[in-house]
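Per chain, numbering begins at 1; letters A, B, ... match sequence-line order.
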Amino acid sequence: MGLIVNFESLLSDRLAPALEAVAGHPVDPAVRASPHADFQSGAPLALARELGRAPQEIAAEVATRADLAGLAEITVSGPGFLNLTIGDDLLAESLRLTGADQRLGVPATAAPERIVIDYSGPNVAKEMHVGHLRSTIIGDALARTLEWLGHDVVRVNHLGDWGTPFGMLVEHLVDLGGAADHSIRDLTAFYQDARVKFDTDDDFRTRARLRVVALQSGDPLSRDLWQRLVAQSERYFLDVYQRLGVTLGPDDFAGESRYQDDLPVLVAELLAQGLLTDSDGALCAFPDGFTGRDGDALPLIVRKADGGFGYAATDLAAIRHRVGTLGADRLLYVVGAPQRTHFEMVFAVARKAGWLPGGVTAEHLGFGSILGADGKMLKTRAGDTIKLAELLDEAVARATAPAIGIGAIKYADLSGDRRGDYVFDWDRMLASTGNTGPYLQYAYARIRSLFRKAGTGPGPVTVTEPAERALALTLLGFEPALRAAAGQAEPHRLAGYLHDLAVAFSVFYERCPVLRAADDVRASRLGLAELTARTLHTGMFLLGIETLEEI
RNA sequence: GCGCUCGUAGCUCAGCGGAUAGAGCAACGGACUUCUAAUCCGUCGGUCGUAGGUUCGAAUCCUACCGGGCGCGCCA
């Protein structure tokens, strides 16, 4: 169901008429959470100049006129702020309503959209490395969140499973006898061996090029060998996803190869619309507003001079498919920041070609890099890229439980603004204090421990102590936090909220004995604890962070 | 060169138009016969890169500059 108790909007609704009466026209009450009260409105300050009156005077008049009966106390404060304090009974009643709701007071969206989220996207025949971590974690958190809010989410794992490297890889497999059953570790060495041969052996290079042609023209042997590489890689990816607690499954793979038959059609459509220009044999689109190093228009190369297709063509084909066939209303790409220009160009061309109609939005959700302690891109001491599987191994080894190690990595990634770079630091992410995964997991485990010992269940909540009040208010902030996180594709807003909640609970836990309290108080505090546990659990689930019953 | 992005406490980060800029770590000092002290409380610590501008009000918006990162025609 979802029954919202959103004090900001409730207060706004009550203040708006009073403000309008004083100002003579509608005014945004601008209600915000406040450090000086539960909520505040700064609207009178904005009106002072216009009305030629002192802001305190305006605030006083608004306070007098506003009908806040049964909702809040209002006082004038400071230079002309309106401080709003919710009544304790209303707080308790709001908690009751929220607690009685399966969805913790968060209604499913009234306007569900079909949202296609493109994330993770590793390369076949290559091991996943830290470079795939952020896309996988952030994309999954967004997928979980949007889905829970009632949207129809389609996860797409845009595998790198096609293109010239596969001529080389398949040819190398032929050289090795074709039937060998390689592990993915073998495949990493396999890839490097193939690469070396490609770079040093002219004969092999020629065969590799012919192999690409054979593969792309459907030669059965080539396809079979290629398919083995793909299947084996997919098994490995799924294993990593399972360890990471990521919701990408076998049905979500949609590699670049899937669009190969669409590419000639796509080129024909673009040509027919006059959107392509021949440039030294390559077919390029030149969307408006993009310039290169020399100041000339920047090309989006759709078909290379050798007749092959690059990633621009595949990305265009993917849009065409996601909108035309999957019926997407919204396309999200959780892909590193460096590809920003590329996607802007692809979107521009797709718009012009009509594959992205007006009602459909496409967003590139970029993210920063993971840096080492030296402030540079995270690498091993030897300077190699760090394999994801090994990173997960280390996380598990360093933590007291696998879920804590994995949760620490994921939370570290989700707790900061995704656009910024972040410094990877085991000690910090595994710390039990601060804005970390372990801190949230610990808070949750403490609550579960309470219930194991309680013997009785929670009862009606009454709010009296300051720590109870603070916790109650924080609990009721779940819905706005979630809305902010989903609306702007910023998981760190939800993460920050969960940390605030865990802190509010910890303070409550220190100051307000639960099990030793007298009957009614005990039941009430168990009620607060239970709602906290449910909120933490839900929020952590939406971020993809596992909860533990005990630590 | 052009474009994007980021410069907030010693460190790692929140805050992104409103009241004395907040956390965690680090440093120092407190709280466990008491529900998980993997916790909590306190102290110390900031010309919010610089300079202008807009505004009643700017870390937040605009402009310029400085500094870091990234991108800019056949890799994805």
Side-chain angles (χ1 to χ4, degrees), chain A residues 30 32 34-36 40-43 45-50 55 77-81 83 121 123 158 160 162-165 256 279-284 286 289-306 308-312 314-315 335-342 344 366 368-369 371 373 375-377 400 404 412 415-417 419-423 425 427-436 438-439 441-443 445-454 492-493 495-496 499-500 503 506-507 509-517 522 525 529 550-551:
Chain A
R32 304 280 144 74
S34 171
H36 304 278
Q40 68 180 39
S41 164
L45 283 82
L47 288 172
R49 186 182 179 81
E50 175 192 332
S77 172
F81 285 94
N83 280 359
N123 294 313
H158 194 73
W162 203 242
T164 45
E256 299 173 315
S279 174
D280 299 329
L283 289 176
C284 303
F286 290 90
F290 297 90
T291 51
R293 203 188 303 279
D294 51 11
D296 292 345
L298 196 58
L300 185 71
I301 298 166
V302 176
R303 199 180 70 191
K304 298 185 286 184
D306 67 3
F309 297 100
Y311 55 99
T314 314
D315 283 332
V335 181
Q339 292 191 47
R340 184 187 164 115
T341 308
H342 165 70
E344 284 180 351
S369 305
L371 308 178
K376 294 178 180 170
M377 299 268 278
T400 50
I404 293 178
S415 58
D417 187 318
R419 281 162 282 254
D421 296 342
Y422 82 93
V423 177
D425 180 335
D427 291 339
R428 191 161 54 259
M429 68 177 69
L430 284 164
S432 54
T433 297
N435 191 9
T436 67
Y439 181 82
Q441 288 168 323
Y442 180 66
R446 277 170 132 187
I447 301 175
R448 300 305 301 163
S449 173
L450 270 183
F451 279 96
R452 278 194 296 276
K453 294 186 173 170
H492 80 285
R493 303 220 174 237
H499 177 248
D500 288 346
V503 168
S506 295
V507 172
Y509 185 86
E510 295 284 331
R511 309 239 172 107
C512 303
V514 177
L515 301 182
R516 288 189 290 113
R522 177 187 152 106
R525 289 180 178 170
E550 59 184 312
I551 291 174

Just to confirm, is there a sub-4.0 Å distance from OP1 or OP2 of [N] to any side-chain nitrogen or oxygen of [X]?
X       : N       : value
R446(A) : rA37(B) : yes
Y439(A) : rC40(B) : yes
S432(A) : rU39(B) : yes

Which letter, B, S or -, goes with each nucleotide of nucleotides 56-61 of chain B from 5' to 3', with contact meaning a protein heavy atom under 4.0 Å? B-----

Does [X] have any side-chain contact (heavy atoms from CB on, under 4.5 Å) partners at least two apart in sequence or in another chain, and if so, which?
X       : answer
D315(A) : H158(A), Y311(A), H342(A), F343(A), V346(A)
R493(A) : A484(A), A485(A), Q488(A), E490(A)
R516(A) : P513(A)
A30(A)  : D28(A), R32(A)

Listed by chain and number, what are the ring-ring contact (aromatic ring centres under 6.0 Å, His included) partners of [X], not counting sequence neighbours?
X       : value
F290(A) : none
Y509(A) : F505(A)
Y439(A) : H499(A)

Just the table, please: protein N/O against nucleotides 8-16 of chain B N/O, every pair under 3.5 Å.
{"residue": "rU12(B)", "atom": "O2'", "partner": "R428(A)", "partner atom": "NE", "Å": "2.9"}
{"residue": "rU12(B)", "atom": "O2'", "partner": "R428(A)", "partner atom": "NH2", "Å": "2.9"}
{"residue": "rC13(B)", "atom": "OP1", "partner": "V423(A)", "partner atom": "N", "Å": "3.0"}
{"residue": "rA14(B)", "atom": "OP1", "partner": "D417(A)", "partner atom": "N", "Å": "2.6"}
{"residue": "rG15(B)", "atom": "OP1", "partner": "H492(A)", "partner atom": "NE2", "Å": "2.9"}

For D425(A), what residues pass the salt bridge (Lys or Arg N to Asp or Glu O under 4.0 Å) criterion, not counting sequence neighbours? R428(A)

Residues in salt bridge (Lys or Arg N to Asp or Glu O under 4.0 Å) contact with D500(A), at least two apart in sequence or another chain: none

Rounded to the nearest 0.5 Å, what separates atom OG1 in T400(A) from atom CD in Q441(A)? 8.5 Å

Could you measure the distance from the CG atom of L430(A) to the CD1 atom of I404(A)? Nearest 0.5 Å is fine. 8.5 Å

How far does the [atom1] atom of [N] sit from the matching atom of [M], given to the nearest Å?
N       : M       : atom1 : result
rA23(B) : rA9(B)  : C1'   : 11 Å
rA26(B) : rC16(B) : P     : 28 Å
rG73(B) : rA21(B) : C1'   : 47 Å
rU54(B) : rU39(B) : P     : 49 Å
rC4(B)  : rA64(B) : P     : 10 Å

Could you check which of [options] has an atom nearest any side-chain atom of [X]?
X       : options                   : value
Y311(A) : rA76(B), rC41(B), rC35(B) : rA76(B)
P338(A) : rC70(B), rC35(B), rC41(B) : rC70(B)
E510(A) : rC70(B), rC74(B), rU39(B) : rU39(B)
K304(A) : rA37(B), rC75(B), rC2(B)  : rC75(B)
S506(A) : rC40(B), rA37(B), rC74(B) : rC40(B)
R516(A) : rG73(B), rC41(B), rU34(B) : rU34(B)
H499(A) : rA23(B), rA37(B), rC74(B) : rA23(B)
A282(A) : rC40(B), rC74(B), rC2(B)  : rC74(B)
S34(A)  : rC35(B), rG73(B), rA19(B) : rA19(B)

Salt bridge between K453(A) and E550(A), side-chain N to carboxylate O under 4.0 Å? no

Students often get this wrong, so: under 4.0 angstrom with heavy atoms, is A48(A) touching a base, only sugar-phosphate, or nothing? nothing

pair R446(A)-S506(A): side-chain heavy atoms closer than 4.5 Å: yes

Atom CG of D500(A) and atom C1' of rG24(B) are separated, to the nearest Å, by 12 Å

Duplex segments of RNA chain B, taken as runs of at least three Watson-Crick or G-U pairs that stay under 3.5 Å: B:1-7 with B:66-72, B:10-13 with B:22-25, B:27-31 with B:39-43, B:49-53 with B:61-65

